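This report refers to the structure that appears directly beneath it.
Values reported hereafter were calculated over all heavy atoms of this structure, with side chains retained and with hydrogens, waters and symmetry mates removed. Ligands are counted one by one from 1 in listed order, and the atoms in each one are counted from 1 as well. Predicted, not measured: the structure shown is a model, and the values here were computed from it.
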Amino acid sequence: MNSAEKAIGVIGIGYVGLVTGTCLAELGHHVCCMDIDAMKISMLEKGETPIYEPGLPELLEKNRERMTFTTSLEEVFAACEIVFIAVDTPPTFTGDADLSRVFQVLSSLPGVSTGHHVLVMKSTVPVGTGTKISSELARQEAGDIDYVSNPEFLREGTAIDDFMHPDRIVIGSRNPEAGARVAALYEKLDAPVLETNVPTAEMIKYASNAFLATKISFINEIANVCEAVGADVTVVARGMGQDHRIGPYFLDAGIGFGGSCFPKDVAALKQIAGNSGYHFQLLTAVIEVNELQKRRVVNKLQKHLGALTDKTIALLGLAFKPNTDDLREASSIVLASRLMGDGANVKAYDPIALPNAARAVRGVLLCDDVLSAGEGSDAAVLVTEWDEFADLPLEKMKELMNHPLIIDGRNFLDPEKIRAAGFTYEGIGR
Ligand code: UDX
C-alpha cells in the first residue's frame, strides 16, 4: 500500500458490506472489513465466503492481498480515514427502520476516532438520519468526522455487476470536499455521479425502490384483471415496455416481491411520510396488493383441487428470487403458511436456499430435488424462477404426482410445452 493511501473501512459484512468491500478492493483500494460476528470474520480469514452471491468467492480470492478482516472497530478507525457503514437496518414492528446497529457504531466512536474521518452511510436509513447523525457526532465530540450518504443499488444475485456497472453513483454530503473524496473512490467506474445534499441522497434510495415496487404491484394488478378479461399480461407488459417512457424492466407479473429491500423500504418510506404528517396512499396500496398477490395462488389451487385439506402441494423454489439463498420476505414463506393453514401438506425444493429454509418455513417437508418434491403431490407451484426449472422432468413428474397440475407463479414456463405433457397449466395473468 502506498503510504499516502489509507485503507477504506467497511463496518458490517452482510451482503452489502461484503460486496462493497470486495468491489472496492477490485478497484484497487486496500479495504479493512469489520463485523461483530467473529465467526464470519474467521470464515473470511480462512478464505471462505459466508453468503451466497455469484462471483463473490472468486473476487474475494482475487483481492485477498488487499483485504483484511477484523472484529475491532479501533483497528478500522486506526487504519482508515474513509469508513463505510453497511450494517443492516431491519424493519421494526411499526414499519420504521431499526437503526440500533447504526447508533451502536456511532456510540463507540468517541473512544476510537482520532484524527479526521469520513463516515459513509451505505445502509438504507430514513430520510433525515444523516442530519441527526451529524448533530449527534457534534454533540458527543466524537472528533473531526464528516458524514456522507452513498446509498447502494445492488440486487442480490447480480450485486457485483451492479457495483461495477452502476446506472449512477449518488453522493450526499454537507461538505463537498468530503463528498468529492468518496466520489473519487469510484473514479474507475464509468457512471454518472450525482452529488447532492444528504436528505436528497437518502430520499433517492427510498424513492427508487418504492417506484420499482410500485411498478411490480401495478403489473400484478394488471395481471389479475387480464385473468378476468382473457388478456395475456406477458404480452401486455411487452407492449407497455416498448414505450420508452415506461421501459421494459420490472414488469414481470408474479406472486409478489420479496427480499431484504423492497418490502422494508416501501414500509419505511410510508412510515417516514406518515411521521412527517403525510399519508402516502399509493404505497399503502402497493403493500396491500403485494400481500394479496402472494395468497392468490391458494385460490387458484382451490379452483382446481377443491378444499386443500390433506392435499399435498409442492413448492418449486423458496428463495425470494433466483441466484440467491435469501428467504427474507420471500413469497414462499407466506404461501407455505397459508397452505398449511388450509390443512395442506407442503413439500419444497430449492437449488440453493434449503439450508436457510429449515428455519424459515417450519412444517414444510424439504426435498433434495424436483422429483421428490413432486412425488405424491396434487399440484406443483413454481415460486422462484431458477434456471433449472426451465427444463422440468415433465414425464417423470407426471408419473409421480397424484394430479398433473402446475401453477406457474412467475410466468416462467412454456404453457404449451406443459400442457402438451398432459398437465393443467395456470400462470399469473396469462
Ligand atoms: C432490490 C433493488 O433492485 C436494489 O436496487 C436495491 O438496492 C435492493 O433491492 P433485490 O431485492 O436484490 O434488489 O432484488 P430485485 O431483483 O430488485 O427483486 C426484488 C423482488 O421483486 C423479487 O422478489 C423479484 O422476484 C420481484 N420482481 C422483480 C417481480 O416480481 N417482478 C419484476 O418484474 C421484478
Are the charged groups of Lys417 and Asp391 less than 4.0 angstrom apart, N to O?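 Judged by the 4.0 Å cut-off on N to carboxylate O distance, Lys417 and Asp391 do form a salt bridge.
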Donor-acceptor contact present, side-chain [X] to main-chain [Y], <3.5 Å:
X: Glu156; Y: Glu53; result: no
X: Ser217; Y: Val286; result: yes
X: His29; Y: Leu185; result: yes
X: Lys300; Y: Gly427; result: yes
X: Glu227; Y: Arg430; result: no
X: Ser123; Y: Val87; result: yes

Have a look at ligand 1 and work out which part of Asn209, if any, has a heavy atom under 4.0 Å from it: side chain, backbone, both or neither.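 For Asn209, only side-chain atoms sit under 4.0 Å from ligand 1.
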Closest approach of any protein heavy atom to [atom], naming residue and atom:
atom: atom 27 (N) of ligand 1; result: Ile216 CD1, 3.4 Å
atom: atom 33 (O) of ligand 1; result: Asp252 N, 2.9 Å
atom: atom 1 (C) of ligand 1; result: Phe262 CE2, 3.5 Å
atom: atom 14 (O) of ligand 1; result: Lys321 NZ, 3.1 Å
atom: atom 3 (O) of ligand 1; result: Arg155 CG, 3.2 Å

Would you check the N or O atoms of [X], main chain and side chain alike, for any that come under 3.5 Å of an N or O of ligand 1?
X: Leu154; value: yes
X: Glu152; value: yes
X: Phe257; value: no

Establish, yes or no, whether the cationic atom of Arg174 lies under 6.0 Å from the six-membered ring centre of Tyr147 and within 45° of the ring axis.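 No, Arg174 and Tyr147 do not form such a contact.
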Which ligand 1 atoms does [X] reach within 4.0 Å, using its non-hydrogen atoms?
X: Arg410; answer: 25 (O), 30 (O)
X: Leu251; answer: 33 (O)
X: Cys261; answer: 8 (C), 9 (O)

Just to be sure I'm reading this right: ignoring hydrogens, which of Lys205, Lys264, Glu156 gets closest to atom 7 (O) of ligand 1? Compare them by their nearest heavy atoms.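 Checking each option, the heavy atom nearest atom 7 (O) of ligand 1 is found in Lys205.
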As a check for students: among Tyr249, Phe153, Phe250, identify the option with a heavy atom nearest to atom 17 (O) of ligand 1.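 Heavy atom nearest to atom 17 (O) of ligand 1 belongs to Phe250.
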Quick one: sort the Phe163 and Tyr186 rings into parallel, tilted or perpendicular, breaks at 30° and 60°.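 Tilted: the ring planes of Phe163 and Tyr186 meet at 30° to 60°.
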Can you find a non-hydrogen atom of Gly258 under 4.0 Å from ligand 1?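 Yes, Gly258 has heavy atoms under 4.0 Å from ligand 1.
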We want to know whether Asp368 and Ser372 form a side-chain donor-acceptor pair, criterion being a heavy-atom distance below 3.5 angstrom.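 No, no side-chain donor-acceptor contact under 3.5 Å.
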